[in-house]
Amino acid sequence: MLDWKWVRENPELAETSLQKRGFDTGLLQELLELDQKRRAIQQEADVLKQKKNEVSRAIGQLKQEGKDITEIQKEVQGISTRIKEIDSQLKAISSEWTEKLLWLPNLPHFSVPLGKDEGDNQEVKRWREPTQFDFDPLPHWDLGEGLDIIDFQRGVKIASSRFAVLKGAGAKLERALISFMLDVHLEKHGYWEVFPPFLVNAETMTGTGQLPKFKDELYCCQDDLYLIPTAEVPVTNLHAGEILLEEELPLRYVAYSACFRREAGSHGRDVRGLIRQHQFNKVELVKITHPERSYEELEFLLLDAEEILQLLNLPYRVVILCTGDLGFSAAKTYDIEVWLPSEGRYREISSCSNFETFQARRANIRFRKGSGKPEFVHTLNGSGLAVGRTLVAVLENYQQADGTVVVPEVLRPYMGGMEIITPQFEVK
RNA sequence: GGAGGGGUGUCCGAAUUGGCAAGGAGCCGGUCUUGAAAACCGGUGAAACCGCAAGGUGGUGCGGGUUCGAAUCCCGCCCCCUCCGCCA
């Protein structure tokens with residue numbers, strides 16, 4: 001949610017800023033008009049209410065003095081009726097305005113490069129060169145099936161397309177990656193671990209910006225509950241409606257969760273393999289910071305996520321998303337992309353964003369400076385990392401000519417000392 | 001799921017025969033002090049909204065209703081606690 005006072009005072013700036021995203025500014029105009037109407041109606045209502053309150057107080061006085069109140073009572077009855085009419089108008093226009101405001105995206109930070117789509121994203125860093133092979137590297141789905149550690153067919157059978165089953169060393173590798181990532185962020189980077197609910201209510205989904213606009217991307221359950229598309233949602237909303245102390249900022253959380261996405265708009269993309277699943281695991285970093293320090297915290301967050309890939313010795317690059325490719329709620333986003341030999345290109349494995357006050361306003365997360373008025377915090381998050389895609393990257397980058405896969409050294413303690421994944425065929 | 005109790009600010013907590021939401025803690029300023037603490041004095045302390053301002057609206061878990069006027073009365077819902085039932 002944008003700072004509406006600022007928008008009202010700077011409508012042209014808001015408009016050009018939204019245009020940079022390629023966002024149609026018709027909605028902004030509608031909101032500005034509604035806002036004007038709303039204020040006019042509220043002023044009318046407030047004057048009448050003031051009158052009503054004065055008269056009501058006078059009635060109380062007169063009654064105590066034992067005087068007759070029938071005349072004055074009749075007079076104020078008319079006012080009350082009128083107030084009810086205006087109030088219902090006000091309520092209608094206010095809720096229309098509030099609902100529409102939730103559809104307006106965040107404004108890009110000034111440092112975000114101008115651009116139309118992902119083709120205009122700018123590479124800002126590259127770590128190690130793409131892995132070289134003296135044989136033709138296989139895609140992870142062939143490796144996974146050859147080693148019998150990924151079962152795509154049975155995933156589809158028991159659920160639907162875009163579901164897979166990890167087996168044996170594959171399941172263990174997934175679990176090892178989760179534990180490894182959590183431990184690095186806990187022990188080395190000083191985050192605090194939380195294990196959140198995977199189902200949340202509509203209010204929580206609205207707080208981080210998934211609702212109302214992206215309802216089609218979510219799995220809805222009964223009882224007004226939704227499956228989370230990322231741990232960002234429950235973790236950021238932990239402090240919804242709260243007033244934090246300035247001294248306790250920044251709050252830094254790391255959370256493992258399964259993530260559930262309908263992928264409604266991506267038919268035909270990444271249909272093979274584990275890259276785009278309806279359910280996947282992710283270790284998420286979330287920071288709640290002082291507004292003055294959020295951008296330096298974003299840089300550190302990015303480094304924390306990058307370090308996982310460095311420890312795994314996987315080649316990657318970092319890009320900054322241009323205005324046209326920026327997500328709905330973000331003011332600035334870095335994507336980390338890992339090298340995938342089978343595709344011969346880098347693929348997104350982490351997205352690190354600063355949302356400034358956009359989510360804090362929706363979820364009403366504030367902090368208090370001394371005894372001053374509460375102010376909105378800045379919220380940030382980033383994948384640290386997407387586990388399924390990391391597993392893909394490990395399989396593809398660590399594969400050998402015979403179809404076996406070397407276990408990265410840092411993961412061996414989590415794999416019972418296993419050094420090479422070889423075919424197991426426990427269950428056929 | 002059933003029965004009972006509860007939900008008031010940053011925190012504690014009063015007011016429920018309808019009539020401006022007590023009091024305290026905290027916080028800020030001051031007096032005193034070498035400094036601090038304590039004490040005392042004053043201020044502040046209820047989201048949010050409207051207004052250039054003065055000020056106003058609003059505000060007692062949420063949403064409605066009755067009334068000139070609702071924390072208080074009525075209806076619906078949510079959450080917490082205790083007990084019962086069920087359950088990993």
Side-chain angles (χ1 to χ4, degrees), chain A residues 1-11 31-102 195 197-207 211 221-226 234 237-249 251 288 290 357-377:
Chain A
M1 198 185 297
L2 299 182
D3 178 353
W4 187 255
K5 269 185 193 153
W6 181 88
V7 173
R8 190 195 290 150
E9 283 160 20
N10 304 279
L31 278 162
L32 286 165
E33 280 164 34
L34 276 173
D35 180 48
Q36 260 191 341
K37 274 191 210 163
R38 181 180 63 92
R39 284 190 292 160
I41 293 173
Q42 181 171 343
Q43 277 176 47
E44 192 183 350
D46 282 358
V47 169
L48 283 169
K49 284 177 186 175
Q50 184 181 1
K51 174 81 180 158
K52 183 198 76 177
N53 286 343
E54 281 166 4
V55 175
S56 289
R57 247 173 264 146
I59 289 175
Q61 279 273 319
L62 291 172
K63 223 176 159 184
Q64 276 187 346
E65 291 163 15
K67 290 180 180 159
D68 181 49
I69 52 168
T70 45
E71 278 300 306
I72 190 168
Q73 219 167 26
K74 268 181 199 159
E75 183 196 325
V76 79
Q77 261 166 12
I79 300 179
S80 281
T81 313
R82 178 81 187 120
I83 287 174
K84 266 180 196 158
E85 288 167 19
I86 298 179
D87 259 352
S88 69
Q89 278 178 45
L90 181 64
K91 209 186 151 190
I93 206 163
S94 295
S95 61
E96 188 186 350
W97 177 78
T98 311
E99 275 160 35
K100 287 199 164 144
L101 186 58
L102 292 174
F195 186 77
F198 294 177
L199 289 168
V200 298
N201 58 34
E203 203 181 339
T204 299
M205 281 294 183
T206 308
L211 286 178
C221 299
Q222 292 173 315
D223 304 322
D224 191 38
L225 290 169
Y226 299 81
N237 279 285
L238 284 176
H239 298 289
E242 294 183 8
I243 299 175
L244 303 163
L245 299 173
E246 190 176 19
E247 311 82 88
E248 59 188 332
L249 301 178
L251 294 170
I288 294 180
H290 195 288
T357 62
F358 189 83
Q359 294 180 326
R361 286 176 193 280
R362 293 168 83 108
N364 194 24
I365 309 171
R366 294 169 295 166
F367 76 102
R368 193 189 295 278
K369 269 189 199 167
S371 62
K373 269 208 143 196
E375 289 177 42
F376 290 109
V377 298

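It should be emphasised that the depicted structure is a prediction, and the values quoted were computed from it without experimental measurement. Sequence lines set the chain letters: A, B, ... in the order given, protein chains first and strands last, and positions in each chain run from 1.
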Measuring only between side-chain heavy atoms, which start at C-beta, is [X] closer than 4.5 Å to [Y]?
X	Y	answer
Gln42(A)	Lys37(A)	no
Val55(A)	Ile72(A)	yes
Arg362(A)	Leu102(A)	yes

Checking contacts here: which listed nucleotide ([options]) is nearest the side-chain heavy atoms of [X]?
X	options	value
Asp46(A)	G56(B), G69(B), G51(B)	G56(B)
Arg38(A)	G69(B), C49(B), U10(B)	C49(B)
Arg366(A)	A48(B), G19(B), C50(B)	A48(B)
Gln77(A)	C68(B), C50(B), U57(B)	C68(B)
Asn53(A)	G19(B), C49(B), U57(B)	U57(B)

- Message: What I want to find out is whether Lys100(A) reaches Glu96(A) closely enough, with some N-O distance under 4.0 Å, to be called a salt bridge.
- Response: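 Yes, this pair counts.
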Look at [X] and [N] and indicate whether a side-chain polar atom (N or O) is within less than 4.0 Å of OP1 or OP2.
X	N	result
Gln50(A)	U57(B)	no
Ser80(A)	U67(B)	no
Arg39(A)	U57(B)	no
Arg8(A)	C50(B)	yes
Gln43(A)	G51(B)	yes

- Message: Reading RNA chain B from 5' onward, which residue's closest nucleotide shows up sooner: Ala45(A) or Ala58(A)?
- Response: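 Result: Ala58(A).
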Which nucleotide, in any strand shown, forms a Watson-Crick or G-U wobble pair with [N], with both distances under 3.5 Å?
N	answer
U31(B)	A39(B)
G4(B)	C81(B)
A48(B)	U57(B)
C86(B)	none
G76(B)	C62(B)

- Query: So, Asp35(A) and Trp97(A): side-chain donor and acceptor under 3.5 Å apart, yes or no?
  - Reply: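 Distance-only check fails for Asp35(A) and Trp97(A).
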Polar atoms only, N or O, under 3.5 Å: list the protein pairs with nucleotides 62-66 of chain B and their distances.
unit_1, atom_1, unit_2, atom_2, d
G64(B), OP1, Lys91(A), NZ, 2.1

- Query: What is the distance from atom CD of Gln89(A) to atom OG of Ser94(A), rounded to the nearest 0.5 Å?
  - Reply: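 Nearest 0.5 Å value for the CD-OG distance: 11.0 Å.
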- Task: Could you check whether Arg82(A) gets within reach of a base, just the sugar-phosphate, or nothing at all, counting any heavy atom under 4.0 Å?
- Result: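 If one applies the 4.0 Å heavy-atom cut-off, Arg82(A) turns out to touch nothing in the nucleic acid.
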- Could you tell me whether Gln42(A) contacts a base, only the sugar-phosphate backbone, or nothing, with contacts defined as non-hydrogen atoms closer than 4.0 Å?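 The answer is base, as Gln42(A) lies within the cut-off (heavy atoms under 4.0 Å) of a base atom.
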- Message: Could you check whether atom CD of Glu242(A) has more than 12 heavy atoms from other residues, nucleotides or ligands sitting under 6.0 Å from it?
- Response: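 Yes, because the 6.0 Å sphere around CD of Glu242(A) holds more than 12 heavy atoms from other groups.
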- Item | Whether over 12 other heavy atoms sit under 6.0 Å from Glu54(A) CD |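 Correct, the count exceeds 12.
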